[in-house]
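Everything below concerns the one structure shown next.
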Amino acid sequence: MHISNFDGLLRAARASGAKTVAIAAAHEPEILQAAQAAETEGIADCILVGDRSAIRSLAEHLGLDLSRMLIIDEPEPRQAARKVMELVRLGHAQVAMKGRLETGDFLRAALDKDTGLRTGRLLSHVGVFEIPGFDRLIFVTDAGVVVAPDMMQKVEIVQNAIEVAQALGIECPRVAILAATEMVNPKIPTTLDAANLAKMADRGQIRGGIVDGPLALDNAISLESSSIKGINSPVAGAADILVAPDVEAGNMLAKAITYFAKGRMAGVVVGAQSPLIVASRSDPHDTKLMSIALGTIMASRH
């Protein structure tokens with residue numbers, strides 16, 4: 001089933017069956033609202049790991065019923081993250097989610113060589129956006145994990161994003177490697193990386209998608225723009241996945257979509273033994289709910 005909006009995302013999550021989501025440092029209002037909504041929607045059973053008294057106090061204040069959720073008392077956020085990874089590693093949960101703690105602490109727990117969820121693959125973040133005026137979901141990567149990826153890390157970032165798009169029913173996603181221009185220019189190293197990635201995809205070193213670049217953002221998403229510039233590409237104007245050159249560009253693009261274009265977002269980190277949800281503490285509970293839906297769909301593929 002090709003998912004083109006967030007209503008479809010929720011339906012697909014329901015159809016895949018409820019997964020157990022373990023949430024680290026769950027004593028945060030938007031997290032608890034998202035957890036209850038996920039249970040109400042039938043997409044997740046939640047285990048809350050955090051300050052039990054704070055969780056119960058917040059739930060009472062917000063009028064939330066957490067009676068069906070297991071609450072594990074661990075007030076120290078980094079220890080809560082380690083406990084969540086243990087729950088996933090032992091098979092008691094299928095998705096790990098960050099609550100009120102730093103993303104770095106959460107990911108360090110996931111990457112711990114002895115107690116984490118390492119697989120040998122690169123971890124990268126894939127954001128999925130429902131944008132007013134677009135007839136499809138747009139995927140943005142990497143907006144939150146790999147700071148300054150080298151060429152081989154970009155290969156893995158692209159492959160991870162293709163995996164997420166395919167999980168949402170896009171059999172052969174179109175991938176645009178973004179740069180400031182569509183012209184290969186030795187003075188702009190990101191254009192060289194983009195051209196290399198496109199050629200690697202042609203040679204089968206990146207699988208499952210159609211990859212082209214360099215493409216400027218307008219050329220990647222606007223048929224009119226790409227036509228005016230005479231760009232002959234199966235990706236130009238029709239990209240599903242936008243690959244940013246580094247985390248700063250990806251992060252700014254993701255937040256511009258959210259705050260300027262009023263897009264809705266879901267996000268997941270892939271490459272570990274299970275999907276990881278690392279929504280920002282400033283994200284509303286709707287974003288966290290949609291991220292849980294995305295995480296449960298990805299968990300169905302593990």
Side-chain angles (χ1 to χ4, degrees), residues 13 16-26 28 31 34-35 38 43-50 69-72 74 76-128 139 141-147 149 152-153 155-168 247 266-281 283 288 290-302:
S16 71
K19 305 295 185 296
T20 301
V21 179
I23 307 175
E28 195 271 327
I31 282 286
I43 64 175
D45 300 313
C46 296
I47 300 174
L48 308 178
V49 183
M69 300 184 200
L70 173 64
I71 302 175
I72 298 175
E74 180 47 79
E76 207 289 306
R78 283 176 287 190
Q79 291 295 336
R82 293 189 186 96
K83 182 64 178 178
V84 160
M85 303 310 160
E86 178 186 2
L87 291 168
V88 173
R89 197 174 62 256
L90 295 177
H92 302 310
Q94 292 79 51
V95 180
M97 183 173 186
K98 177 181 83 76
R100 192 169 183 172
L101 78 159
E102 295 294 331
T103 298
D105 290 335
F106 182 78
L107 292 177
R108 272 189 288 275
L111 288 169
D112 187 283
K113 64 179 181 179
D114 297 318
T115 60
L117 304 175
R118 295 169 71 113
T119 63
R121 292 173 55 193
L122 180 76
L123 268 61
S124 62
H125 183 273
V126 182
V128 184
F139 300 74
T141 192
D142 178 333
V145 177
V146 188
V147 175
M152 294 314 297
Q153 287 175 320
V155 170
E156 293 193 71
I157 286 169
V158 172
Q159 197 68 66
N160 283 348
I162 289 172
E163 177 185 323
V164 176
Q166 289 178 330
L168 301 194
V247 77
V268 66
V269 172
V270 291
Q273 291 177 29
S274 78
L276 308 175
I277 300 172
V278 292
S280 169
R281 283 173 289 173
D283 285 338
K288 292 178 168 70
M290 292 304 169
S291 296
I292 291 172
L294 178 59
T296 62
I297 291 170
M298 294 305 300
S300 297
R301 294 170 65 90
H302 277 253

- Apply side chain to side chain contact (heavy atoms under 4.5 Å, CB included) to the pair Arg78 and Glu102, showing each step before the final yes or no. CA-CA 9 Å; Arg78 283 176 287 190; Glu102 295 294 331; over 6 Å; no
- Under the side chain to side chain contact (heavy atoms under 4.5 Å, CB included) criterion, do Leu87 and Thr20 qualify, and how do the steps go? CA-CA 10 Å; Leu87 291 168; Thr20 301; over 6 Å; no
Nearest non-hydrogen partners of [X] and [Y], listed with the distance:
| X | Y | answer |
| --- | --- | --- |
| Ala143 | Val247 | C-CG2, 3.7 Å |
| Val268 | Gly295 | CG2-CA, 4.4 Å |
| Leu276 | Ala110 | CD1-CB, 3.8 Å |
| Pro275 | Ala299 | CG-N, 3.5 Å |
| Ala167 | Met298 | CB-SD, 3.4 Å |
| Ile43 | Thr296 | O-CG2, 3.4 Å |

Spatial distance of atom [atom1] ([X]) from atom [atom2] ([Y]) [nearest 0.5 Å]:
| X | Y | atom1 | atom2 | value |
| --- | --- | --- | --- | --- |
| Ile23 | Ile277 | CD1 | CD1 | 8.0 Å |
| Ile157 | Leu123 | CD1 | CG | 11.0 Å |
| Arg108 | Thr103 | CZ | OG1 | 10.0 Å |
| Leu90 | Met85 | CG | CE | 13.0 Å |
| Leu70 | Leu48 | CG | CG | 8.0 Å |

Are [X] and [Y] close enough that some pair of their side-chain heavy atoms sits under 4.5 Å apart?
| X | Y | result |
| --- | --- | --- |
| Leu294 | Val126 | no |
| Val84 | Ile47 | no |
| Arg82 | Asp112 | no |
| Val88 | Leu117 | yes |
| Gln159 | Arg121 | no |

Please check if the side chain of [X] supplies one atom and the backbone of [Y] the other of a donor-acceptor pair under 3.5 Å.
| X | Y | value |
| --- | --- | --- |
| Lys288 | Ala266 | no |
| Lys19 | Gly17 | yes |
| Thr119 | Ala272 | no |

- Val270, Val146, Asp142 screened by side-chain contact (heavy atoms from CB on, under 4.5 Å) with Leu122, the one that passes: Val146
- Task: Take Ile31 and Met97, measure what side chain to side chain contact (heavy atoms under 4.5 Å, CB included) needs, and give me the verdict at the end.
- Result: CA-CA 10 Å; Ile31 282 286; Met97 183 173 186; 3.6 Å; yes
- Message: Give me each pair satisfying salt bridge (Lys or Arg N to Asp or Glu O under 4.0 Å) with a member in residues 86-96, each pair once, sequence neighbours excluded.
- Response: Lys83-Glu86
- Partners passing salt bridge (Lys or Arg N to Asp or Glu O under 4.0 Å) against Asp45 (at least two apart in sequence or in another chain): Arg68
- Mind checking what makes salt bridge (Lys or Arg N to Asp or Glu O under 4.0 Å) contact with Arg118, not counting sequence neighbours? none
- Item | Working for side chain to side chain contact (heavy atoms under 4.5 Å, CB included), residues Thr141 and Asn160 | CA-CA 9 Å; Thr141 192; Asn160 283 348; over 6 Å; no
